[in-house]
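Heavy atoms only: backbone and side chains are in, while hydrogens, waters and symmetry mates are out. Throughout, protein chains are lettered first and strands after them, A, B, ... in sequence-line order, and every chain is numbered starting at 1.
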Amino acid sequence: MKDFGPIIRALLRNKTGAMLIALQIAITMTIMVNAIHMIINRSELMARSSGLDEANQFVVAQYGYRDDFNEKYVVQTDLDHIRNMPGVVDAIQTNSVPMSNGGTSMGLQVEPGADKEGLGVAIYMADDHALNTYGVKLIAGENFDPTEVEFRDGNTREWPQRAIISKAMAEALFPDLSPQQVVNKTVYINRNEPITIAGIIDQLQAPWVGWDNVERTMITPIRTMYKFSRYLVRTEPGRRDEVLEAVKSYLESRDVGRMLFPIETISDVREQSYRDANAMQTILWVIISILLIVTALGIVGLVTFTINRRRRQIGTRRALGASRGDILKYFLLENFVITSAGLLLGIIGSIGLNIWLVDAFDLPRIGWIYLPVAMVVLWLVGQLAVYGPAAKASRISPAIATRNV
Amino acid sequence: MLSMQHISKVFRTDTVETHALKDFSLQVNEGDFVAVTGPSGSGKTTFLNIAGLLETFDGGEYTLDGESVKGLKDNTLSRLRNEKIGFIFQSFNLIPDLNLYDNVDVPLRYRNLSKAERKRRIEESLDVVGLANRMKHIPAQLSGGQQQRVAIARALAGQPRFLLADEPTGNLDSQMAESVMELLESINANGTTIVMVTHDPNLAARAQRHITVRDGQVTENEREPKVVSQLRA
């Protein structure tokens, strides 16, 4: 650090190159911090549990196209058969599954009336096998009775009298009550239609992964008759692919006037649901990498230029007693000073950009830890970038000091 | 002080081999003021570089202040340059972005001196060359003669036993050259050994000893030291 003072004074007299690099570092830090924040934020979203037993589940969708397609009969016989197939834990007909990005939502309110505010909830329609098939845990209340299951077609407006809701939904509706206390409470759908809470499950995500209230869900004892429906099948661990083939063969063997869509595992559903987020992450990593490379090359360029301009000066320092190590340290320290100036600007830029992103895109605020981590990374990048040219500078012969050309 | 015996130095390229110094021998004693002259390409600068430990040599023996410098590591050579030798260059070689104070401070920073000691030495040496009142100026704000005085102050601040001057007046007009020469003479009078490479026979004539280098060797007999000849007269 013995050259710190002279370096500062020399840089203040010769600002342009150093300022450009400092500015580049500031921009790199600003973008890097916010991009990594977005990546980590997305990663956290992607890493959330859907509540399903994802590794052991698949869905198959069907559409009954023939006039003689008897959905009630076909679904019941399909489910009876599939539930008894080897390796199957359970199966349901359902309107949707988590992460599929398509489903039904309604508003639930704790008091009836059109003037009362409702909370949005994703609605899953399935029979009493739903909890076992989804693989969710009932933490309060009870499951549906098979006799409660209602059949619903496109004209049905009424909702069943009981429902099971997620813990997150229970907390949203009744923030001061425990799950056990929420059981048997009445909530209202369609403004005035009462529903009794039969049970509370630990977790089950809504179909829309980008929804802020993705954890607010409700299972209703309904079998749909919309001609289009899905089966969700849960298998014993490790037997998913084998069972999938068997179910596929069985369904294809039945000529009941329906079209079967390709079977998707829940892993596939997750992958498709987060494909854009994954792509965005890749793009952000590429941008960060390019920025770091460009910044490092900028530093290499500036230092190389500076060294070529100061060859005699370096030779003179060597003649006056500087060791190779002193020259190396001089350039490393000079870069550290320039980088630090850039990082100070970068802190302001990072926070400023984040404030704008929070306002414009409703992103969360960056954590303070991003700033020191980014600073360390950029200091390291700077020092690594400058090391090669500085090492070369340290090998300049002191005899250059006596050359007069 | 400085003893070179049969020094040789060869510069090689793929096709050419140049013998810059051949069997070069010279003895410089404590307190000497030696002028080295010779035509261009004669080996003056090579001698200066080797004497100043800026360059290595291929053969012979070189002893500086009683210590053989042959085969010393780069760090040791740097330390010896810093502690024992002061350099004055033809082009002054001041660092343009640093003020005079920081320029004089450069060699002192490579020595573990306290800040107060460095300050004392810088102020003293700038005072010796008459520039103590311009410490915060940068070199570009000074004349050539003043810049060379700063370079001399930088050399003096390290309190070297041995000053090497490479054409110290080469870039100065006659008036400034005279003032720099007077300064060197006064430094020598205070006991510092000086070896000065110059093209100027008039300046060389003012030194105690004058040697001529030709084809990498000391070819002419040294004339008698000025003091001795004055005594005989």
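Contact count versus chain A (heavy atoms, under 4.5 Å) is highest, among B:L54, B:L98, B:V197, for B:L54. Between chain A and the options B:D105, B:N49, B:L94, heavy-atom pairs under 4.5 Å are most frequent for B:N49. Looking only at heavy-atom pairs under 4.5 Å with chain B, the residue among A:G325, A:A10, A:S397, A:A319 that has the most is A:A319.
Rounded to the nearest 0.5 angstrom, A:N14 CG and B:D97 CG are separated by 4.5 Å. One finds the CG atom of A:D326 at 11.5 Å from the CZ atom of B:R109 (value rounded to the nearest 0.5 Å).
Within a 6.0 Å sphere centred on CE of B:M135, other residues, nucleotides and ligands contribute more than 12 heavy atoms. Summarising the local packing, NZ of B:K70 is surrounded by more than 12 heavy atoms from other residues, nucleotides or ligands at distances under 6.0 Å. The 12-atom threshold is not exceeded at CZ of A:F305, counting heavy atoms of other residues, nucleotides or ligands nearer than 6.0 Å. Counting heavy-atom neighbours within 6.0 Å of B:N112 CG, excluding the residue itself, gives a total of 12 or less. Residue A:D276 places its CG atom among 12 or fewer non-hydrogen atoms of other residues, nucleotides or ligands, all under 6.0 Å distant. Around the CG atom of B:D58, the shell of radius 6.0 Å holds more than 12 heavy atoms that belong to other residues, nucleotides or ligands.
Remark: B:D74 engages A:R318 in a salt bridge, criterion side-chain N to carboxylate O under 4.0 Å.
Taking both residues in full, the closest heavy atoms of B:Y110 and A:A322 are given as CZ-CB, 3.4 Å, listed atom of the first, atom of the second, then distance. In plain terms, the two heavy atoms of B:N75 and A:R324 that are nearest each other are OD1-N, 4.4 Å.
Contact of the A:Q313 side chain with the B:P96 side chain is registered, since non-hydrogen atoms from C-beta on lie closer than 4.5 Å. Considering only heavy atoms from C-beta on, B:R81 stays 4.5 Å or farther from A:L320 through its side chain. Using a 4.5 Å heavy-atom threshold, the side chains of A:S323 and B:R79 count as separate.
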Notebook entry, point to check: Hey, mind stepping through B:S91 and A:R312 against side-chain contact (heavy atoms from CB on, under 4.5 Å) and telling me if it holds?
Noted result: CA-CA 10 Å; B:S91 305; A:R312 176 187 287 272; 4.3 Å; yes
Next item on the list: Take A:R310 and B:I95 through the side-chain contact (heavy atoms from CB on, under 4.5 Å) test and state the conclusion after the steps.
Entry: CA-CA 9 Å; A:R310 294 195 282 190; B:I95 295 169; over 6 Å; no
Item checked: Derivation and outcome, side-chain hydrogen bond (donor to acceptor under 3.5 Å, both in side chains), residues B:N99 and A:R9 -> CA-CA 9 Å; B:N99 62 29; A:R9 290 192 282 279; 5.3 Å; no
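Proximity to chain A is limited to the side chain of B:R154, based on heavy atoms less than 4.5 angstrom apart. Residue B:L80: no heavy atom, backbone or side chain, is found under 4.5 Å from chain A.
A donor-acceptor distance shorter than 3.5 angstrom exists from the side chain of B:N93 to the backbone of A:A401, with no hydrogens or angles considered.
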